[in-house]
2 protein chains.
Amino acid sequence: MYSYKYPHPAVTTDCVVFGFNGSGLSALLIKRGIEPYKDSWAFPGGFLHMDETAEQGALRELREETGVRDIYIEQLQAFTGVERDPRERVLTIAFLAFVRQDDYEVIGGDDAAEARWFPVDELPSLAFDHAEIMRVALDRLRWKIQYEPLAFRLLNSTFTMSQLQTIYEAVLGQTFDRRNFHKKMLAMGYITPTGDSLQNNGRPAMLYRFDAELFRKAIENKKVL
Amino acid sequence: MYSYKYPHPAVTTDCVVFGFNGSGLSALLIKRGIEPYKDSWAFPGGFLHMDETAEQGALRELREETGVRDIYIEQLQAFTGVERDPRERVLTIAFLAFVRQDDYEVIGGDDAAEARWFPVDELPSLAFDHAEIMRVALDRLRWKIQYEPLAFRLLNSTFTMSQLQTIYEAVLGQTFDRRNFHKKMLAMGYITPTGDSLQNNGRPAMLYRFDAELFRKAIENKKVL
DNA sequence: ACAAAAGTGTTTACTTTACACCCATGA
DNA sequence: TCATGGGTGTAAAGTAAACACTTTTGT
């Protein structure tokens, strides 16, 4: 037992993991193996340990519950509704993650009976206030992809322009002119051709690479992200 | 005493309150009246109660410690470093606020021995990790003012174009061409002239008003904030 | 030769920047 | 009448949007 002079809320972390499989945008959910909301789908997450930051906790829970590891996450926001958990006062710090969906064999583990990807437009009903968290996460994703090079975290290290365009179209829910898209992306100054090409069905497509070094220089010069 | 099966961190809220007094940008700080960091300057804030959301807690602490009440705040982010408080594990949820500096007689109260405004470029050294919070808050402010009508929260309900321009220049640390600034602001479509004017030193300046209704319509039509 | 997907350039519209003179008021 | 700050328009540059034909590959 742990005792405190004043009441303390419990603190959890949750990870909204977005993945891309070549066509549509998905989110990684786990089926809860324990109460409350047993057998409901929810974001991977769990109670914060005393010796880890929220970010470390979120990564640990993600690894334990889905097998996904070593990825980039960033804080979304804290959700602090008083009644969001029936057990006791629990607030959660939600994180956003972006991964190449095919890099991971997601497997349920620990408190998760099962883990799988759901297309973001075919989500099941979610435990706790996770539907609200999902709304905020999608808004943030749509906002950020326009100002930060998030898309490259969802692609292999080399990619074609149409793969890149597919991500933007999936996230923003609109289509772009192929020629203008191509021009605009190259004009950013941090996407470089590799020289290789990738073949699927028609003419082979050139492969590009995101250059983090050039990106850093680009934002320095242009003073806006 | 309050006992739990697993250890719980303590949770506080902190408010980074930005104010504008007609010329420069300031932040509201309190001098801590209790340990730890007694007599250091810090953001107003304190422990979260079990029956309030983080936002409610932040507003309550702000009221208790500085007398500032009934203002708009928004969540900045949670700060969760393991060693950020010497007493026990404490994580804080930081909020951002924007106020008309002259609307409030700030007064120290509760755990705060004193409360006063500091120009953001003349801040004292801060308690806990509040210097880090300040950095994040300023980054966020600079980012948001370019995309959201924050400036109007810092001004009286009617204002002149040069007052508005002064805020943008103070926050972003750069100057703008008076004519282009004027055009751009009116082009937003949600700033309307009141018909009145304000006199200070030369020719009287037209007074404008921020129209929240027009703003709502403007973001609907332009689909980007 | 045909189907499928990829590569590419030009014109037009729009947005942003640069820039200077006249006006209203108080001292 | 002078000093102070406010109001305003136009031309040039840059950015974004519209738009269609040709190329490479596999079948």
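In what follows, chains are A, B, ... by sequence order, proteins preceding strands, each numbered from 1. What you are looking at is a predicted structure, and each value in this text was computed from that prediction instead of being measured.
- Relative ring orientation between Phe98(B) and Phe18(B) is described as parallel, the plane-to-plane angle staying below 30° on a 0-90° scale split at 30° and 60°.
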N/O-N/O pairs, protein side and nucleotides 23-27 of chain D side, under 3.5 Å:
{"residue": "dT23(D)", "atom": "O2", "partner": "Arg203(A)", "partner atom": "NH1", "Å": "2.9"}
{"residue": "dT24(D)", "atom": "O2", "partner": "Arg203(A)", "partner atom": "N", "Å": "3.3"}
{"residue": "dT25(D)", "atom": "O3'", "partner": "Gln199(A)", "partner atom": "NE2", "Å": "2.6"}
{"residue": "dG26(D)", "atom": "OP1", "partner": "Gln199(A)", "partner atom": "NE2", "Å": "3.3"}

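- Residues Phe159(B) and Phe152(B) place their aromatic rings such that the two centres sit under 6.0 Å apart.
- No contact: Ser197(A) has no heavy atom under 4.0 Å from any strand.
- Of the side-chain N and O atoms in Ser162(B), one or more sit less than 4.0 angstrom from OP1 or OP2 of dG6(D).
- Separating the CE atom of Met185(A) from the P atom of dG7(C) is a distance of 15 Å, rounded to the nearest angstrom.
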How does each nucleotide of nucleotides 9-17 of chain C score, in 5' to 3' order, for protein heavy atoms under 4.0 Å: base (B), sugar-phosphate only (S), or none (-)?
BB------B
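- If you take CZ on Arg69(A) and CD on Glu64(A), they are separated by 10.5 Å, rounding to the nearest 0.5 Å.
- Here dG5(D) presents its C1' atom at 7 Å from CZ of Arg178(B), a figure rounded to the nearest Å.
- A close approach under 4.0 Å does not occur between any side-chain nitrogen or oxygen of His182(B) and OP1 or OP2 of dG6(D).
- Atom CZ in Phe181(B) sits about 16 Å away from atom C1' in dT8(D), given to the nearest Å.
- Ring planes of Phe215(A) and Phe210(A): tilted class, angle from 30 to 60°.
- Looking at Asp14(A) and Thr92(A), their side chains do bring a donor and an acceptor atom within 3.5 Å of each other.
- Relative ring orientation between Tyr147(B) and Trp143(A) is described as perpendicular, the plane-to-plane angle rising above 60° on a 0-90° scale split at 30° and 60°.
- Between the CG atom of Asp103(B) and the CG atom of Asn156(B) there is a distance of 6.5 Å, given to the nearest 0.5 Å.
- Distance Met206(B) CE to dT8(D) C1': 10 Å, rounded to the nearest Å.
- Counting non-hydrogen atoms under 4.0 angstrom, Met161(B) reaches nothing in the nucleic acid.
- In this entry the distance linking CG of Leu198(B) with C1' of dG26(C) reads 14 Å, nearest Å.
- Not a single donor-acceptor pair under 3.5 Å links the side chain of Ser197(A) to the backbone N or O of Met206(A).
- Here Thr160(B) lies out of heavy-atom contact (under 4.0 Å) with every strand.
- A cation-pi arrangement, defined by a distance under 6.0 Å to the six-membered ring centre and an angle within 45 degrees of its axis, is absent between Arg179(B) and Phe181(B).
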